[in-house]
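Comments concern the structure below.
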Number of protein chains: 2
Amino acid sequence: MAEVRRRRARGGVARTREALLQAAAEIFAERGYDGASVDEIAGTAGVSVGSIYSRFGSKRDLFRELMSEYMERDLARVRDGFAAGPEGGLRVLDDLLQETAASRRQTLLDAETWASAMRSPRLRSMLAEHENGVRSAAAELVQQERAATGHELGMPDDEFAVVLTALFHGLCRQHRLAPGSVPRGLYARTVLALARGLAEQPPGADRPGH
Amino acid sequence: MAEVRRRRARGGVARTREALLQAAAEIFAERGYDGASVDEIAGTAGVSVGSIYSRFGSKRDLFRELMSEYMERDLARVRDGFAAGPEGGLRVLDDLLQETAASRRQTLLDAETWASAMRSPRLRSMLAEHENGVRSAAAELVQQERAATGHELGMPDDEFAVVLTALFHGLCRQHRLAPGSVPRGLYARTVLALARGLAEQPPGADRPGH
DNA sequence: GTCTATAGCATGATAGAC
DNA sequence: GTCTATCATGCTATAGAC
């Protein structure tokens, strides 16, 4: 190996960095962090192994940089989506779910990020902060919606946001395992039904009458 | 290494197998499949590397066997829980969530299983069959509940079952990342509210009236 | 069936030319 | 900054004694 040069980006000054990050995304996703070799990453990017060490310092630092950029893009997208208001935000989330769940690379990187975060304090705090940002955006949206309609939710905003993100990740996982089992729109339908069910009943009561 | 002998099970005839499986669960969880070495697994079990190959054939076969036993136990537990009826089943699921989410080893193995399944057709079909069994049990429970109360759900049973398992796995992930964000009972509360919200509204209509 | 010892190979990282 | 060549290490798997 080390002679692969599959997709060398010509003429770029700092194009090496871009090519390495893209190759890293592909190889880390497909093989996992430990299964991925710097040799294959460099080969896929069309550069030499040495580039990784001169640009990023180490394999782990390359992975961290990849995760960092990925989280930044993800959070920006969620925020932009939510800026469209409650209705728009929900549709954007459903689209994001379909797109994320449909992408093998994205879902595998998601899982790898979580697993790596569980084993490294630094990655863990990075991921925790990112998910905190996503939940904050969701909670803020819920709060706006409640102020606009006057409906109480019957659940704290942050708990509702936790459920939103948990359902998102869970459906991604499920969709990857058995694509047919998660039809488009299921996420939005579920969230709307959940909001109705929460509004209908005060938190303390347990199924009276029915 | 290879001289560790931390927890050699004395006197057992086929106790080697048990010790190896337990050690494998610990090491595979903590380091991931590729990060785990047969040497450390054998050392933790208190046996030699050769034992792994005489008992299981290869590292991958050891992992498969571990996953197989784990899935079997998991499915049995879910079925037993659901046998207690709808109310009991929901509480059992909430307990199972708290226990699973609280176990670092269990959640890491869950993630490792999913990731490995994404990369190996054989493991993938094993996991898909397992989750299919869990969803079937859940769908059957929903069907019984509907027959008993006469309430329509407003969503196909299998889709509802998908949401149930997705929420379960998503909350596990979330709980591991930020334990305080998933209080006990959140799962049960969410599922009950979701069922209410689904029952209230026919599938086709979108937020009429109020 | 379980041990010790080792083969055979792939890996992450570095050195030094350019 | 990027290359090629190489080092040192760690790995899975096997051989052969018991």
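Given the structure is predicted, the values throughout are model-derived calculations rather than measurements. Just so it is clear: chains get the letters A, B, ... in the order the sequence lines come, proteins before strands, and each one is counted from 1.
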Nearest-Å distance, [atom1] ([X]) to [atom2] ([N])?
| X | N | atom1 | atom2 | answer |
| --- | --- | --- | --- | --- |
| Phe56(A) | dT14(C) | CZ | P | 16 Å |
| Asp61(A) | dG12(C) | CG | C1' | 13 Å |
| Ile27(A) | dT11(C) | CD1 | C1' | 15 Å |
| Glu40(A) | dA13(C) | CD | P | 16 Å |

Table of protein N/O atoms under 3.5 Å from nucleotides 12-14 of chain D N/O atoms:
from: dT12(D); atom 1: OP1; to: Ala36(B); atom 2: O; distance (Å): 3.1
from: dT12(D); atom 1: OP1; to: Lys59(B); atom 2: NZ; distance (Å): 2.8
from: dT12(D); atom 1: OP2; to: Val38(B); atom 2: N; distance (Å): 2.9
from: dA13(D); atom 1: OP2; to: Tyr53(B); atom 2: OH; distance (Å): 3.0
from: dA13(D); atom 1: OP2; to: Lys59(B); atom 2: N; distance (Å): 3.1

Determine the minimum heavy-atom distance between [X] and [Y], stating which atoms define it.
| X | Y | answer |
| --- | --- | --- |
| Leu198(A) | Leu153(A) | CB-O, 2.8 Å |
| Arg189(B) | Glu159(A) | NH1-OE1, 2.9 Å |
| Ala139(A) | Ala161(A) | N-CB, 4.1 Å |

Lys/Arg cation over aromatic Phe28(A): Lys59(A), 6.0 Å, 45° cone
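Cation-pi check for Lys59(A) and Phe28(A): fails.
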Compare side-chain N and O positions of Arg55(A) against OP1 and OP2 of dT2(D) and report whether any pair is under 4.0 Å apart.
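Arg55(A) to dT2(D) OP1/OP2: side-chain N or O found under 4.0 Å.
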Return no unless some side-chain N or O of Ser51(B) is found under 4.0 Å from OP1 or OP2 of dC3(C).
yes
Looking at Leu21(A), Val47(A), Leu62(A), which one forms a side-chain contact (heavy atoms from CB on, under 4.5 Å) with Ile41(A)?
Leu62(A)
If you look at every strand shown and take non-hydrogen atoms under 4.0 Å, does Ser54(B) touch a base, only sugar-phosphate, or nothing?
base
Looking at Arg64(B) and Asp61(B), is there a salt bridge between them, counting it only when a charged N and a carboxylate O are closer than 4.0 Å?
yes
Before accepting this row, confirm whether a basic side-chain N of the pair Arg119(A)/Glu112(B) lies closer than 4.0 Å to the acidic partner's carboxylate O.
yes
Could you list, one pair per line, each protein nitrogen or oxygen that sits under 3.5 Å from a nitrogen or oxygen of nucleotides 16-18 of chain D, together with the distance?
none

Approximate separation, where rounding is to 0.5 Å, of Leu164(A) CG and Leu194(A) CG:
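Rounded to the nearest 0.5 Å, the CG-CG separation comes to 7.5 Å.
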